[in-house]
Amino acid sequence: MTASYWSSTSERNPAWLTGSVVCLVMSIVAYVACETVADPDIWGHVKFGQDILQSGSITDRDPYSYLTSGQVWINHEWLAEVIFAAFFALGRSPALILMKASLTFLTLGLVYWHLARHGLSALRGGIMLMFAVHLVSPAVRFIRPHIFTYLLFVVTLLLLDQADRGRLRWLWGIPIVFALWANLHGGFLAGLAIVIVWSFAHIAAALYRTRKICRSILAFGGSAIAAAIATLLNPYGGKLLHFLMQPATFIRPEIIEWQPTMIISPYGVMYLMFLAMAVAGCLYSRRERRPGPIAVLCCVALVPLLAYRHGPLFGLAIPLLAGEHIGDAWNRWSAKASSGLEKRREAWVQRCLAGLAIAVASVALYLSLPYIKCIRIDPVRGISFPARAVAVLGKSGVGGNLAIAFDWGEYAIWHLSPRFKVSLDGRRETTYSDEVRRENLNFAFGTGDWDKLIRDRDTHMALVQKTFAVFNLLKLAPGWVLVYEDSLSAIFAKQGSPFVQHIREAKPDALPDDGAGLCFP
């Protein structure tokens with residue numbers, strides 16, 4: 001499309017009004033990006049990154065669990081963890097928060113820029129971006145390697161979009177993105193699927209249209225192949241792709257984010273509204289409906305129904321794939337529904353809106369400042385951590401093999417290693433065998449052969465959550481004794497072992513049982 005077409009379909013507003021709306025939208029993005037809650041894996045990500053920086057090599061044998069003998073650790077997020085450790089060394093938690101906020105701000109800023117570039121006014125683009133922010137915000141509340149996936153997912157879609165519009169040289173960026181992405185987070189599999197789907201749709205349409213092999217067919221086909229080859233540039237080579245295929249397709253009933261999105265929920269309703277907006281835009285738009293974006297749009301619309309964790313990718317993809325169509329349909333509708341305000345009244349309303357936007361933007365930025373100081377433990381928006389119980393184990397002076405839930409594993413690793421080794425932590429498939437994971441799940445939920453972990457394994461102590469069945473089962477289990485409990489957790493040890501007396505004599509710190517209000521680390 002020509003520049004004149006874009007300008008003819010976009011709203012003409014004074015620069016000061018556009019600027020005030022942009023400030024408002026991006027200040028809300030900054031507020032969302034700065035809010036940070038402790039995730040179960042944050043302790044492990046920083047710790048494992050520190051290990052790599054200190055040793056100068058990527059560990060392939062796990063030193064933190066007593067159940068991983070002979071099991072190779074495929075650390076597919078090693079580069080992200082090195083970055084986390086480097087920022088933590090630079091400025092501890094505030095540096096980590098600012099890094100995460102910057103990546104989130106850049107990701108959503110690129111989406112906003114794309115909407116503006118393709119004809120949406122600052123206000124309309126901002127309204128659409130708020131839908132994306134709502135779908136992304138639950139995930140960017142945490143510092144996890146997936147923040148790199150969100151940025152590189154957006155970059156990949158932008159590169160494909162430019163190439164699909166005839167600027168084929170942009171495809172040179174695809175293999176570079178995937179060579180980096182494959183070392184940051186396993187989400188590169190989603191990106192690779194997007195490249196393959198878009199390329200296939202583009203090639204099929206080009207063949208149908210021209211009946212011959214043209215330059216764009218070779219370019220898109222080559223970029224898909226180059227992207228797949230680039231993912232091999234990692235410490236594990238082809239083993240990484242083979243390994244990640246199982247976790248990518250494996251159902252995890254015990255992890256909420258791997259469950260299908262609940263349609264009857266605020267998040268589910270927002271998903272449906274955004275999807276309806278995209279469908280209506282594509283149907284009502286006068287712009288060309290290109291096969292590549294439409295094919296990818298159909299795919300990303302379905303993935304949140306498979307797993308809640310895919311919702312942010314859907315939220316980021318809709319503005320990039322359907323934004324121009326939504327904008328054009330919006331222009332058509334608003335032209336018919338125009339109320340015809342007088343220019344003076346319209347100018348007065350614009351000044352009021354600009355003033356209000358700047359005021360709200362200032363408040364949002366001010367409210368975001370306290371978030372930069374602390375990665376807080378928030379049992380309401382995140383999960384609870386056994387802060388007091390872990391402090392008791394630390395003060396006891398003992399060490400040994402500790403059975404523990406995977407959500408608490410990396411918290412314990414940070415605070416108790418190397419004296420203690422854990423039975424499981426959030427690395428799951430990357431470190432632990434299927435048998436070990438099954439034993440830990442049976443133990444935690446009191447199902448099946450639940451006591452195999454403490455009966456047949458060299459387990460010395462157990463730190464369990466009191467709301468789980470294992471708490472009552474251990475109270476009845478012969479040979480095990482309760483040595484500590486608080487409102488959240490309990491510690492059991494083998495009866496007659498020296499651990500019993502030492503843990504009972506340890507004086508717990510004045511910490512909240514569930515860690516509420518504490519800051520990482």
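The shown structure was predicted, so the numbers you read here are calculated from the model rather than taken from an experiment.
At a threshold of 4.5 Å between non-hydrogen side-chain atoms, the residues C282 and I294 count as touching. Within the 4.5 Å cutoff, side-chain heavy atoms of Q465 are placed close to those of L488. Contact check for L152 versus L184: side-chain heavy atoms found under the 4.5 Å cut-off.
Nearest heavy-atom pair across Y150 and P312 is OH-CG, 3.5 Å. Residue V300 comes nearest to A317 through the heavy atom pair CG2-CB, 3.9 Å, listed as atom of the first residue, atom of the second, then distance. For the pair F220 and L171, the tightest heavy-atom approach, listed with the atom from each and the gap, is N-CD1, 3.9 Å. In plain terms, the two heavy atoms of S368 and C34 that are nearest each other are O-CB, 3.9 Å. The two atoms that bring F148 and L103 nearest to each other are CE2-CD1, 3.5 Å, heavy atoms only. Counting all heavy atoms, side chain and backbone alike, I383 lies closest to P40 at CD1-CG, 3.4 Å.
The number of heavy-atom neighbours closer than 6.0 Å to CZ of F200, taken from other residues, nucleotides and ligands shown, is 12 or below.
Aromatic pair F314/H310: centroids not less than 6.0 angstrom apart.
Side-chain N or O atoms of Y267 include one that pairs as donor or acceptor with a backbone N or O of L135 at under 3.5 Å. Remark: the backbone N or O of I196 is not paired with any side-chain donor or acceptor of S199 at under 3.5 angstrom. Checking side-chain atoms of Y112 against main-chain N and O of A122 turns up a donor-acceptor pair under 3.5 Å. For the pair N234 (side chain) and G237 (backbone), a donor-acceptor distance under 3.5 Å is present.
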With ring-ring contact (aromatic ring centres under 6.0 Å, His included) as the test, would you mind laying out the steps for Y236 and F243 before giving the verdict?
CA-CA 10 Å; Y236 311 100; F243 162 77; 8.4 Å; no

Audit row: R428, E410, salt bridge (charged side-chain N to carboxylate O under 4.0 Å, His left out) steps and yes/no:
CA-CA 11 Å; R428 295 176 54 83; E410 291 177 22; over 6 Å; no

Is there a salt bridge (charged side-chain N to carboxylate O under 4.0 Å, His left out) between R290 and D161 once you walk through the steps?
CA-CA 10 Å; R290 294 173 288 133; D161 179 72; 2.9 Å; yes

Please evaluate residues N75 and R427 with respect to the criterion side-chain hydrogen bond (donor to acceptor under 3.5 Å, both in side chains), reporting the C-alpha separation (whole Å), side-chain torsions for both, the decisive distance (0.1 Å), and the verdict.
CA-CA 9 Å; N75 189 353; R427 292 171 294 169; over 6 Å; no

From CA spacing to verdict: ring-ring contact (aromatic ring centres under 6.0 Å, His included), F178, F188
CA-CA 7 Å; F178 279 87; F188 74 87; 7.2 Å; no

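Ring geometry for F84 versus H45: interplanar angle over 60°, hence perpendicular rather than tilted (30 to 60°). Using bins of under 30°, 30° to 60° and over 60° for the plane-to-plane angle, the ring pair H415/W43 lands in the tilted bin. Between F520 and W414, the angle of the ring planes lies from 30° to 60°, which puts this pair in the tilted group.
Side-chain contact, K100 with T36: a donor N or O sits under 3.5 Å from an acceptor N or O. Counted by atom type alone, D425 and Y411 present zero donor-acceptor pairs between their side chains at under 3.5 Å. Residues H76 and T430 bring no donor and acceptor atom of their side chains to less than 3.5 Å of each other.
Put simply, NE2 on H185 and NE2 on H146 are 7.0 Å apart, with the number rounded to the nearest 0.5 Å. In this structure, OG in S285 is found 9.5 Å from CD1 in I326, a value given to the nearest 0.5 Å. Rounding to the nearest 0.5 angstrom, the gap separating the CG atom in L316 from the OG1 atom in T149 is 11.0 Å. Between R209 atom CZ and S216 atom OG the span is 6.5 Å, to the nearest 0.5 Å. Interatomic distance, CG of L110 versus CG of L157, reported as 11.0 Å (0.5 Å rounding). Residue L189 holds its CG atom at 5.5 Å from CG of L244, rounded to the nearest 0.5 Å.
Each of F48, W73, Y432 was scored for a ring-ring contact (aromatic ring centres under 6.0 Å, His included) with Y64, with one residue passing: F48. For the salt bridge (charged side-chain N to carboxylate O under 4.0 Å, His left out) with E324, the lone residue among R117, R165, R289 that qualifies is R165.
Ion pairing between a basic and an acidic side chain is recognised when a charged N comes within 4.0 Å of a carboxylate O; R376 and E35 show such pairing.
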